[in-house]
Asker: 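Please see the structure below; I have some questions.
Sequence lines set the chain letters: A, B, ... in the order given, protein chains first and strands last, and positions in each chain run from 1.
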Amino acid sequence: MPELPEVETVKCGLQAVLEGRTLNRVIARRTDLRFPLPDGFGQMLSGHKVVAVARRAKYLLLHMDNAVVLIWHLGMSGRVRIFTTPPPPEERHDHIIFETDHGVTIRFNDTRRFGFMDLCDEAALADHAMIAKLGPEPLDPTFDAAALAGRLKGRKTPIKAALLDQTVVAGLGNIYVSECLFHAGISPRRSAHTVQGGRCEKLIVAIRQVLNAAIAAGGSSLRDHRQTSGELGYFQHQFVVYDKAGQPCKGCDCQGGSIEQIVQSGRSTYFCPRRQT
DNA sequence: CTACCATCCTGGTTGC
DNA sequence: TGCAACCAGGATGGTA
């Protein structure tokens with residue numbers, strides 16, 4: 001499911017019910033997620049209060065009152081559901097369950113088990129293997145056109161691949177990269193190092209607009225993503241290119257152009273060859 | 001450095 | 001209808 005907007009949506013849902021609350025019980029129905037759950041996972045968390053719920057790139061971070069941080073990645077198919085009333089029966093891929101001191105149940109459901117959880121000392125978070133190499137947050141105001149230009153400099157890889165590289169910028173995924181490149185009028189095939197100056201300006205604007213609009217819409221629900229309430233996100237209705245191969249381009253100056261689907265580094269890219277150069 | 005590939009896992013869709 | 005191949009929002013590690 002989850003790119004930055006979906007993870008942000010989940011983060012907000014968790015914040016509302018977790019911050020300041022104590023985890024009474026932590027149940028691991030399966031410990032073999034993408035990586036094995038760390039030893040003592042439940043013991044390190046249960047009986048402790050959640051101080052803050054945060055997000056870094058596509059990672060959820062639960063800061064606990066014992067200076068432990070839960071690092072949580074949703075993988076491809078991870079869903080989080082929050083129940084404020086007695087929950088329905090557990091479902092097939094409900095792997096991890098949290099119960100709070102005020103009767104809230106949180107379930108992590110992940111069919112493909114590409115998601116994972118890990119624990120880390122607060123002081124060592126920045127050095128954690130999954131966190132340390134991440135590039136800047138795309139919505140950080142200091143991540144501007146100049147910053148983006150600097151990070152693309154010297155990279156011959158296609159801009160599509162560069163934007164998916166979490167060390168370049170952290171949080172974009174396959175859907176939003178296609179959408180952002182369309183809005184910026186940049187071909188996904190263009191060498192990253194040639195995206196400089198005005199193109200960088202346009203790309204920064206596109207990234208901010210697309211991500212902010214997606215967050216406002218509660219993310220995009222294609223197969224797996226739900227808001228923590230169970231409601232669908234609805235940004236998929238605002239997709240302009242993703243999964244729209246063969247359909248007419250909505251760009252105002254396209255005059256009959258249509259969306260093309262290509263494969264780059266093994267993953268589908270959608271774009272309008274007329275509008276994006 | 002770069003491009004490409006396989007891999008982890010499950011399930012929905014497509015095509016014969 | 002049945003079944004196999006292929007595809008999917010992520011990320012890493014290996015190869016040439």
Asker: Using the rule that two of Ile, Leu, Val, Met, Phe, Trp, Tyr join whenever any of their side-chain heavy atoms come within less than 4.5 Å, decide whether A/Met64 and A/Phe41 are in one cluster.
Answerer: yes
Asker: Can you tell me, in whole Å, how much space there is between the C1' of B/dA3 and that of C/dG9?
Answerer: 23 Å
Asker: I need a per-nucleotide contact map over nucleotides 8-15 of chain B, read 5' to 3'. Cutoff is protein heavy atoms under 4.0 Å; write B for the base, S for backbone only, - otherwise.
Answerer: BBBS----
Asker: Determine the interatomic distance between P on B/dC5 and the same-named atom on C/dC7; round to the nearest Å.
Answerer: 13 Å
Asker: Please report the distance separating the P of C/dC3 from the corresponding atom of B/dC9, rounded so that it comes out in whole Å.
Answerer: 25 Å
Asker: Pairing of DNA chain B as dot-bracket, 5' to 3': ( ) intra-strand, [ ] crossing, | other strand, . unpaired, with Watson-Crick or G-U pairs under 3.5 Å?
Answerer: .|||||||.|||||||
Asker: Tell me whether the count of non-hydrogen atoms from other residues, nucleotides or ligands lying under 6.0 Å of CD in A/Glu122 goes above 12.
Answerer: yes
Asker: Starting from P on C/dC7, measure out to OH on A/Tyr242 and report it in whole angstrom.
Answerer: 13 Å
Asker: Please report the distance, rounded to the nearest Å, between CZ in A/Arg267 and P in C/dT12.
Answerer: 12 Å
Asker: Give the rounded distance in Å between these two atoms: CG of A/Asp110 and C1' of C/dA11.
Answerer: 13 Å
Asker: I need the single residue from A/Leu163, A/Val169, A/Thr167 that forms a side-chain contact (heavy atoms from CB on, under 4.5 Å) with A/Asp165. Which is it?
Answerer: A/Thr167
Asker: Quickly work out the A/Asp165 CG to C/dG13 P distance and round it to whole Å.
Answerer: 13 Å
Asker: Report all interatomic pairs (protein N or O, nucleotide N or O of nucleotides 2-6 of chain B) with separations under 3.5 Å.
Answerer:
| from | atom 1 | to | atom 2 | distance (Å) |
| --- | --- | --- | --- | --- |
| B/dT2 | OP1 | A/Lys156 | N | 2.7 |
| B/dA3 | OP1 | A/Lys156 | O | 3.3 |
| B/dA3 | OP2 | A/Thr157 | OG1 | 2.7 |

Asker: Taking only side-chain nitrogens and oxygens of A/Tyr59, does any of them come within less than 4.0 Å of OP1 or OP2 of C/dG10?
Answerer: no
Asker: With respect to the phosphate group of C/dA11, does any side-chain polar atom (N or O) of A/Lys58 fall under 4.0 Å of OP1 or OP2?
Answerer: yes
Asker: Rounded to the nearest angstrom, tell me the gap between atom CD in A/Gln236 and atom C1' in C/dA8.
Answerer: 15 Å
Asker: Look at the side-chain N and O atoms of A/Gln166 and state whether any lies under 4.0 Å from the OP1 or OP2 oxygen of C/dA11.
Answerer: yes
Asker: Report the relative orientation of the aromatic rings in A/His73 and A/Phe116; use parallel for angles under 30°, tilted for 30 to 60°, perpendicular for over 60°.
Answerer: parallel
Asker: Is A/Arg275 close enough and on-axis enough to A/Phe182, meaning under 6.0 Å and within 45°, for cation-pi?
Answerer: yes
Asker: State yes or no: do A/Phe271 and A/Ile207 share one hydrophobic cluster built from I, L, V, M, F, W and Y residues joined by side-chain heavy-atom distances below 4.5 Å, directly or via other members?
Answerer: no
Asker: A/Ser268 and A/Tyr242: side-chain donor and acceptor closer than 3.5 Å?
Answerer: no
Asker: Is it possible for you to say whether A/Leu203 and A/Leu139 belong to one hydrophobic cluster, with membership spreading through side-chain heavy-atom contacts below 4.5 Å?
Answerer: yes
Asker: Hey, does the side chain of A/His73 come within less than 4.0 Å of C/dG10's phosphate (OP1/OP2), counting only N and O?
Answerer: no
Asker: Please measure how far the P atom in C/dG10 lies from the corresponding atom in B/dC1, and state the result in whole Å.
Answerer: 24 Å
Asker: Determine whether A/Leu23 and A/Met44 fall in the same hydrophobic cluster, where Ile, Leu, Val, Met, Phe, Trp and Tyr are linked whenever their side-chain heavy atoms lie under 4.5 Å apart.
Answerer: yes
Asker: Would a distance-only check, ignoring hydrogens and angles, find a side-chain to backbone donor-acceptor pair under 3.5 Å from A/Asp110 to A/Gly115?
Answerer: yes
Asker: Could you state the CG-C1' distance from A/Asp243 to C/dC6, rounded to the nearest angstrom?
Answerer: 15 Å
Asker: Between C/dG10 atom P and A/Leu33 atom CG, what is the distance in whole Å?
Answerer: 18 Å
Asker: In terms of side-chain heavy atoms, does A/Asp101 have a donor or acceptor partner in A/Asn24 at a distance below 3.5 Å?
Answerer: no
Asker: Check the distance between C/dC7's C1' and A/Ile175's CD1 and give it to me in whole angstrom.
Answerer: 14 Å
Asker: Under 3.5 Å, is there a donor on one side chain and an acceptor on the other for A/Ser178 and A/Thr269?
Answerer: no
